[in-house]
**Student:** 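Before I ask anything, here is the structure I am working with.
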Amino acid sequence: MLRKKKQVILVVSLLLVTGFLVTSFASYHASRASLRSEIAFNELPLTSDNVYSEIQRDLLRPIFISSLMANDTFLRDWAIEGERNKDQIVRYLKEIREKYEAVTSFFVSEKTRIYYQSDGILKKVKKSEERDKWYFRVREMEPLYETNIDPDMANKDTMTIFINYKVFDYDQNFIGATGIGLEIRTVRQLIESYQRRYKRNIFFINRQGDIILHSTTFSGEATNIRGMEGLSAHADKILMTESSTLQYEKSGDTIHLNTRFIPDFDWYLLVEQSETNALENIHKALWVNLAICALITLIVLFITNFTITGYQEKLEKMAATDKLTGTFNRQGFDILLDQALKESPRKQTALSLILLDVDRFKRINDTLGHSGGDNVLRHIVQTTRQNIRNEDVLGRWGGEEFLILLKECDLDNAFLLAEKIRKAIKNTPFHFNGREIPVTISLGVAEHKPGEGIDALFNRVDHMLYLAKQNGRDRSEKEEQTHHNRNSSDFT
């Protein structure tokens with residue numbers, strides 16, 4: 001079996017490697033022939049999506065920090081208790097700012113409308129002031145937070161990305177807004193890293209076309225796209241659509257451009273690529289594709305190996321499973337019981353066994369036929385599983401007898417469980433061909449004794465089952481204790 005497994009993996013490896021090599025080189029030649037289409041419809045949009053995703057990802061950390069602040073019991077308790085000690089909140093905000101390297105941290109109280117920040121009290125917010133409209137917008141919005149860009153009054157009006165997070169008391173009443181701020185230069189540094197990584201020219205414009213953010217390598221003196229060579233003719237289209245893909249000529253070079261609107265900032269993201277430099281990228285893309293193919297090959301081989309191994313395990317499981325009831329068969333149960341008996345002394349935990357038998361099963365078979373008898377056994381298994389723990393092991397010992405292995409369970413608790421199962425089966429109606437058939441079981445319970453083997457343990461639990469049958473059926477028996485519960489139904 002192991003040899004065949006290796007042969008299958010070898011064949012799959014050869015097919016994958018051959019297929020990926022042919023596909024990669026064919027793709028390489030096709031890409032060179034259709035460069036413009038590739039850039040316009042694949043590379044640039046993908047880069048734009050990646051940059052957009054990374055901007056969102058890089059903002060997750062300040063959003064998470066602001067969330068922690070909004071749910072901080074100190075901040076909420078301080079506000080609820082009347083904002084009595086102003087130094088406490090200032091010290092708290094200062095520690096947040098320093099710990100997380102933010103440019104500012106703040107809290108605005110709904111009750112007093114005081115704007116607290118890490119250097120002290122800044123002001124009182126007012127509806128009439130244009131610069132305070134953000135607070136009243138946050139106060140009424142449905143989301144828990146927003147990201148916006150405003151000049152920071154406490155930092156010489158430096159353009160700052162603010163995370164404004166709503167704060168609620170313990171009864172979910174709005175009590176203010178909190179959060180942190182990051183300088184715009186942080187996003188500028190992100191642009192630098194994106195350009196180095198993707199080798200594209202990346203910059204941002206506002207709804208008026210003004211260039212808001214760009215890297216230090218940005219070329220051109222224009223401050224608005226309407227004044228940029230080649231791009232000016234497409235300015236209206238860019239500003240009137242949420243996303244666009246176009247190309248234009250600049251200094252004798254064909255430039256491909258992808259744009260998309262970023263609602264978080266109310267800006268447009270523009271990603272440019274020179275067609276001249278794109279040929280170099282295609283060569284690199286070939287090696288990237290080969291590397292990806294190698295990775296996929298490894299993944300597929302891993303999945304293949306995993307699948308084959310899983311199939312083997314499934315076969316082994318089928319060999320240990322009773323086909324009719326889905327429980328462990330005698331062989332499988334023996335293995336688990338033997339393992340449990342070896343583990344029990346080492347763990348110094350109790351281990352108990354329940355043996356149950358369907359009362360007068362032959363009469364049920366004679367009355368309902370073997371199909372009815374099979375359904376009764378399935379009914380017994382289903383009801384039993386609903387009343388035992390996940391770690392308990394249920395197995396069919398033979399015919400209408402079932403064993404339940406209970407780890408970390410002493411005799412008394414095992415007996416209680418046996419009674420629970422007995423009552424559940426007795427009280428759960430079993431229907432067959434439109435008839436309700438009463439079904440009961442008898443159970444024997446025994447606890448494993450130190451040094452005792454499987455046979456000795458089974459003999460004791462089998463003896464307890466024998467006593468349950470002898471004493472009237474529909475009952476549970478354990479050593480040194482008798483539990484009475486009789487039922488005179490024809491099917492018991």
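Side-chain atoms are counted along with the backbone in the values below, which use heavy atoms only and exclude waters and symmetry mates.
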**Student:** Minimum heavy-atom separation for A79 to F107, with atom names?
**Tutor:**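 Smallest interatomic distance, heavy atoms only, reads CB-CZ, 4.0 Å.
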
**Student:** With distance as the sole test, does N459 use its side chain to make a donor-acceptor pair with the main-chain N or O of D455 at under 3.5 Å?
**Tutor:**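 Looks like yes, one N/O pair under 3.5 Å.
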
**Student:** Using side-chain heavy atoms (C-beta onward) and a distance below 4.5 Å, is E391 in contact with E408?
**Tutor:**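 SC-SC contact between E391 and E408 ruled out.
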
**Student:** Does a side-chain heavy-atom distance below 4.5 Å link I262 with F204?
**Tutor:**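 Side chain of I262 against side chain of F204, heavy atoms only: contact under 4.5 Å found.
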
**Student:** Please step through side-chain contact (heavy atoms from CB on, under 4.5 Å) for the pair F432 and S371, ending with a clear verdict.
**Tutor:** CA-CA 10 Å; F432 186 79; S371 176; 4.2 Å; yes

**Student:** Is there a side-chain contact between R76 and D169 (heavy atoms, below 4.5 Å)?
**Tutor:**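 R76 vs D169: side chains apart.
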
**Student:** Does R139 pair with E110 as a salt bridge, N-O distance under 4.0 Å?
**Tutor:**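 Salt bridge: yes.
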
**Student:** Where do I163 and F64 land on the side-chain contact (heavy atoms from CB on, under 4.5 Å) test, with the steps shown first?
**Tutor:** CA-CA 10 Å; I163 310 298; F64 176 71; over 6 Å; no

**Student:** Backbone N or O of P62 within a donor-acceptor pair of the S66 side chain at under 3.5 Å?
**Tutor:**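 Answer holds: yes.
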
**Student:** With a 3.5 Å distance limit and no angle check, can you tell me whether N329 reaches the backbone of Q331 through a side-chain donor-acceptor pair?
**Tutor:**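 Checking the backbone N and O of Q331 against the side chain of N329, a donor-acceptor pair under 3.5 Å is found.
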
**Student:** Could you tell me the separation between the CZ atom of R200 and the CD atom of Q273, rounded to the nearest 0.5 Å?
**Tutor:**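 It comes to 3.5 Å.
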
**Student:** If you take all heavy atoms of G444 and M464, which pair is closest and at what distance?
**Tutor:**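 It is CA-CB, 3.6 Å.
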
**Student:** Please determine whether the number of non-hydrogen atoms from other residues, nucleotides or ligands lying under 6.0 Å from atom NE2 of H431 exceeds 12.
**Tutor:**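 Atom NE2 in H431 is crowded, with more than 12 foreign heavy atoms closer than 6.0 Å.
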
**Student:** Would you compute the distance between atom OG of S109 and atom OH of Y135 and round it to the nearest 0.5 angstrom?
**Tutor:**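 Interatomic distance, S109 OG to Y135 OH, rounded to 0.5 Å: 6.5 Å.
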
**Student:** To the nearest 0.5 Å, how far apart are OH in Y116 and CH2 in W78?
**Tutor:**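 Rounded to the nearest 0.5 Å, the OH-CH2 separation comes out at 3.5 Å.
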
**Student:** Charged N to carboxylate O under 4.0 angstrom, D474 versus R422?
**Tutor:**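 Yes, charged N to carboxylate O under 4.0 Å.
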
**Student:** How far apart are the closest heavy atoms of L341 and G453, and which atoms are they?
**Tutor:**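 In this case the closest contact between L341 and G453 is CD1-C, 4.3 Å.
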
**Student:** Atom CG in N164, atom OH in Y145: separation rounded to 0.5 Å?
**Tutor:**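 Spacing of CG (N164) from OH (Y145) equals 11.5 Å.
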
**Student:** Under 3.5 Å, is there a donor on one side chain and an acceptor on the other for Y466 and D357?
**Tutor:**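 Distance-only check fails for Y466 and D357.
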
**Student:** Could you tell me whether K111 and E83 make a salt bridge, using a distance below 4.0 angstrom between a side-chain N and a carboxylate O?
**Tutor:**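 The answer is no: the pair does not qualify as a salt bridge.
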
**Student:** Heavy-atom count around E343 CD within 6.0 Å, excluding the residue itself: above 12?
**Tutor:**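 Yes, enclosed.
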
**Student:** Taking side-chain hydrogen bond (donor to acceptor under 3.5 Å, both in side chains) as the test, write out the residues that go with S118, two or more places apart.
**Tutor:**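 S118 satisfies side-chain hydrogen bond (donor to acceptor under 3.5 Å, both in side chains) with R97 only.
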
**Student:** Counting C-beta onward and ignoring hydrogens, is there a side-chain heavy-atom pair between L443 and I404 closer than 4.5 Å?
**Tutor:**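 A side-chain contact under 4.5 Å is absent here.
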
**Student:** I need the minimum non-hydrogen distance between Y165 and A70, along with the two atoms involved.
**Tutor:**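 Result for this residue pair: CD2-CB, 3.5 Å.
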
**Student:** Between Y92 and F74, what is the ring plane arrangement, given parallel below 30°, perpendicular above 60°, and tilted in between?
**Tutor:**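 Judged by the thresholds at 30° and 60°, the geometry between Y92 and F74 is tilted.
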
**Student:** Return the CD to CG distance between Q88 and D77, rounded to the nearest 0.5 Å.
**Tutor:**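 Separation between the atoms: 11.0 Å.
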
**Student:** Does CD belonging to E242 count more than 12 external heavy atoms closer than 6.0 Å?
**Tutor:**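 It does not: E242 CD has 12 such atoms or fewer within range.
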
**Student:** Tell me the closest heavy-atom pair linking R389 and C409, and the distance in Å.
**Tutor:**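 Closest pair (atom of R389, atom of C409, distance): NH2-CB, 4.1 Å.
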
**Student:** Answer yes or no: is there a side-chain heavy-atom contact under 4.5 Å between T327 and R385?
**Tutor:**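 T327 vs R385: side chains touch.
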
**Student:** Classify the side-chain pair S442/D359 by whether it contains a donor and acceptor separated by less than 3.5 Å.
**Tutor:**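 D359 and S442 do have a side-chain donor-acceptor pair below 3.5 Å.
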
**Student:** Give a yes or no on this: more than 12 heavy atoms of other residues, nucleotides or ligands lie within 6.0 Å of atom NZ of K469.
**Tutor:**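 Counting other residues, nucleotides and ligands, NZ of K469 exceeds 12 neighbours.
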
**Student:** More than 12 heavy atoms of other residues, nucleotides or ligands under 6.0 Å from NZ of K347: yes or no?
**Tutor:**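 Not buried by this count: 12 neighbours or fewer within 6.0 Å.
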
**Student:** Around atom CD of E101, are there more than 12 heavy atoms from other residues, nucleotides or ligands closer than 6.0 Å?
**Tutor:**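 No - once you tally the heavy atoms of other residues, nucleotides and ligands closer than 6.0 Å, there are 12 at most.
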
**Student:** Given 3.5 Å as the limit, does a donor-acceptor pair link the side chain of N471 with the main chain of L467, or not?
**Tutor:**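 Flag set: sc N471 to bb L467 pair under 3.5 Å.
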
**Student:** Do L337 and F458 pass the side-chain contact (heavy atoms from CB on, under 4.5 Å) test, and can you show the C-alpha distance, the side-chain angles, and the key distance before you say yes or no?
**Tutor:** CA-CA 11 Å; L337 178 57; F458 179 77; over 6 Å; no

**Student:** Mark yes or no for whether S352, through its side chain, and L406, through its backbone, hold a donor-acceptor pair below 3.5 Å.
**Tutor:**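 Here the side-chain-to-backbone pair does not exist.
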
**Student:** Quick one: are V138 and K166 in side-chain contact, heavy atoms under 4.5 Å?
**Tutor:**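 Yes, at least one pair of side-chain atoms sits under 4.5 Å.
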
**Student:** Output, in order, the C-alpha distance, side-chain angles, deciding distance and verdict of side-chain contact (heavy atoms from CB on, under 4.5 Å) for L324 and R396.
**Tutor:** CA-CA 10 Å; L324 174 63; R396 187 179 181 188; 3.5 Å; yes

**Student:** Taking A340's backbone N and O only, do any of them form a donor-acceptor pair with S344's side chain (distance below 3.5 Å, no angle check)?
**Tutor:**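 Not at all, since once roles are kept as given, no pair shorter than 3.5 Å links the two residues.
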
**Student:** How are the rings of F430 and H379 set relative to one another: parallel (under 30°), tilted (30 to 60°) or perpendicular (over 60°)?
**Tutor:**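 Rings of F430 and H379: tilted, 30 to 60°.
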
**Student:** Only pairs at least two apart or in different chains count here, so list each salt bridge (Lys or Arg N to Asp or Glu O under 4.0 Å) that has a residue in residues 331-342.
**Tutor:**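 Residue pairs with at least one partner in residues 331-342: D338-K342.
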
**Student:** Does the N427 side chain pair with the main chain of K423, one donor and one acceptor, at a distance under 3.5 Å?
**Tutor:**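 Yes.
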
**Student:** Evaluate the side-chain proximity of V393 to I388: yes if any heavy-atom separation is below 4.5 Å, no if none is.
**Tutor:**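 No; the side chains remain at least 4.5 Å from each other.
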
**Student:** List the steps, then state whether ring pair (Phe, Tyr, Trp, His ring centres under 6.0 Å) holds for F333 with F328.
**Tutor:** CA-CA 6 Å; F333 193 90; F328 286 101; 7.5 Å; no

**Student:** What distance separates L394 CG from L356 CG, expressed to the nearest 0.5 Å?
**Tutor:**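 Between atom CG of L394 and atom CG of L356 there are 7.5 Å.
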
**Student:** Looking only at non-hydrogen atoms, find the nearest pair between E477 and F415 and report the distance.
**Tutor:**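 It is N-CE1, 4.1 Å.
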
**Student:** Report yes or no: do D410 and N413 form a side-chain donor-acceptor pair below 3.5 Å?
**Tutor:**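 Yes - a donor-acceptor pair under 3.5 Å links their side chains.
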
**Student:** Within the side chain of R84, is there an N or O that forms a donor-acceptor pair under 3.5 Å with the backbone of E81?
**Tutor:**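 Here the side-chain-to-backbone pair exists.
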
**Student:** Kindly indicate whether the side chain of I364, heavy atoms from C-beta on, has any atom under 4.5 Å from the side chain of E400.
**Tutor:**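 Counting from C-beta outward, I364 and E400 never come under 4.5 Å.
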
